[in-house]
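Report on one structure; see the data block that follows.
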Number of protein chains: 2
Amino acid sequence: MSNQELVVLGQDDGDPACCPGLLTAPLDEGQAVELAKVFKALGDPVRLRLLSMIASRAGGEVCVCDLTPAFDLSQPTISHHLKLLRQAGLIDCERRGTWVYYWLVPEMTDRLAGILTRPAGDPLPDRTATSAGAAS
Amino acid sequence: MSNQELVVLGQDDGDPACCPGLLTAPLDEGQAVELAKVFKALGDPVRLRLLSMIASRAGGEVCVCDLTPAFDLSQPTISHHLKLLRQAGLIDCERRGTWVYYWLVPEMTDRLAGILTRPAGDPLPDRTATSAGAAS
DNA sequence: GGGTTGTATTGACATCCTTCGATGCAAGCT
DNA sequence: AGCTTGCATCGAAGGATGTCAATACAACCC
């Protein structure tokens, strides 16, 4: 049940300056496609709320039975959204008896945070004296 | 031309521990809807590549005429994606003569990175001895 | 002004997504 | 075994999204 996530961004090959970055170099097609799947999973209010409910849970995990009643949506719909979050590698789950518990995969959110972080002393070109100077 | 972005996440009211966080407390409906718009903008490979091309550009800005030919898509399609990125507050643009230049709005990516970052010493419940213990 | 080039908007179409009710499967209980 | 509860999967329906060709708009040049 826990073996279906995307392997996206899977290379953590010891590179200290991990994650090419999105903000530092142009993504190639393949990277963009994989990354887009994860961001797309975050691109829905219901899934964002589900993720935040799961991530902020004290014990680290939540029973589906606690998630479903928090929404004005049918149980199959919630189940579907949880599946998408899981396929994106953002959460994982396990069945224990009658109930299924979900928890955050912090490695994935860490990775996204890293991808969206620009290198420390980035120029940050002051947008005040925009003169000519570029392209074509 | 630069006045149409989402005002999302607009409150930067001096709170040092800015951005509730998504990973620390359940998002409410409104926050989730606003945040989802931004992530949705990132949920497309073309837009991710556009954003990375813009963000990683040396001078800090890129002419549309340099972006369009990098894709196997029509010019209106690229224009449409740029518009979505701009409406999400991720980029901004300015016309200078015949050309239009786009640049990254780093405040927005910073904000997203912050939202996806969990508080420093987070428990990180070791997922090895999963016993009972939760919910309902 | 008229023509040319760069970019945005419009309208149409195919595809994908969110949602639902109905149903199926897993596990516990009597 | 049968019943009940929790969750997932399966179609189907409606709306949203990505793409294009055609067109409009803006700025330059002759």
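Here is how names work: the chains are called A, B, and so on, in the same order as the sequence lines, proteins then strands, and each is numbered from 1.
Contact annotation: A:Tyr102 does not reach the phosphate of D:dG6 (side-chain N/O to OP1 or OP2, under 4.0 Å). Taking only side-chain nitrogens and oxygens, B:Lys40 comes nearer than 4.0 Å to OP1 or OP2 of D:dT17.
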Pair A:Leu67, A:Leu82 - check side chain to side chain contact (heavy atoms under 4.5 Å, CB included), show working.
CA-CA 10 Å; A:Leu67 295 172; A:Leu82 288 170; 4.1 Å; yes
Checklist line | Audit row: A:Glu94, A:Trp103, side chain to side chain contact (heavy atoms under 4.5 Å, CB included) steps and yes/no | finding: CA-CA 9 Å; A:Glu94 181 187 46; A:Trp103 59 84; 3.5 Å; yes
- Query: What's the verdict on side chain to side chain contact (heavy atoms under 4.5 Å, CB included) for B:Leu112 and B:Leu90, showing C-alpha distance, side-chain angles and the deciding distance?
  - Reply: CA-CA 10 Å; B:Leu112 292 183; B:Leu90 287 160; 4.3 Å; yes
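Rounded to whole Å, the distance from CG on A:Leu50 to P on C:dT18 is 12 Å. For A:Tyr101 and D:dC7, the OH to C1' distance is 13 Å, given to the nearest whole Å. The NE2 atom of A:His80 sits 11 Å away from the P atom of D:dC10 (whole-angstrom rounding). Per the geometry, CD1 belonging to B:Ile78 stands 11 Å off C1' belonging to D:dG18, to the nearest Å. Atom pair B:Leu73:CG and D:dT19:P shows a separation of 5 Å (rounding to whole Å applied). Here the C1' atom of nucleotide D:dA8 and the CD1 atom of A:Ile91 are 14 Å apart, to the nearest Å. Atom CD of B:Glu94 is separated from atom P of C:dA8 by 13 Å (rounded to the nearest Å). Between the CZ atom of B:Arg86 and the C1' atom of C:dT7 there is a distance of 12 Å, rounded to whole Å.
Of the listed nucleotides (D:dG6, C:dA8, C:dT18), C:dT18 has the atom at the smallest distance from the side chain of A:Asp44. Taking every side-chain heavy atom of A:Val100 into account, D:dA8 is the closest of C:dT7, D:dA8, D:dT9. You'll find that the side chain of B:Cys65 is closest to C:dT7, out of C:dT18, C:dA8, C:dT7.
Mapped onto DNA chain C by nearest heavy atom, B:Leu82 and A:His81 fall at different nucleotides, with B:Leu82 at the one closer to the 5' end.
Stacking of B:Arg86 on the aromatic ring of B:Tyr102 is not recorded, the 6.0 Å distance cut-off and the 45° axial limit not both being met.
With sequence neighbours left out, A:Arg47 forms a salt bridge (Lys or Arg N to Asp or Glu O under 4.0 Å) with no residue at all. Applying the side-chain contact (heavy atoms from CB on, under 4.5 Å) criterion to A:Thr68, with sequence neighbours excluded, gives A:Val64, A:Gln75, A:Ile78. With sequence neighbours excluded, the residues that form a side-chain contact (heavy atoms from CB on, under 4.5 Å) with A:Pro76 are A:Ser74. When the side-chain contact (heavy atoms from CB on, under 4.5 Å) test is applied to B:Thr98, no partner is found at least two apart in sequence or on another chain.
Inter-residue side-chain proximity for A:Arg57 and A:Asp66 is flagged as met; some heavy-atom pair is nearer than 4.5 Å.
Pairs engaging residues 21-32 of chain A under the salt bridge (charged side-chain N to carboxylate O under 4.0 Å, His left out) rule: A:Glu29-B:Arg49 [sequence neighbours left out].
A:Leu67 comes within contact range of no nucleotide atom at all, as no heavy-atom separation falls under 4.0 Å. Using a 4.0 Å heavy-atom cutoff across all strands shown, A:Phe71 reaches no nucleic acid atom at all.
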Under a 4.0 Å heavy-atom criterion, the protein footprint on nucleotides 21-30 of chain C, written with B, S and -, is BB----SS--
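Remark on the helix from C:dG1-D:dC30 to C:dT30-D:dA1: inter-end axis angle 10°, axes from five-pair C1' superpositions, rounded to 10°.
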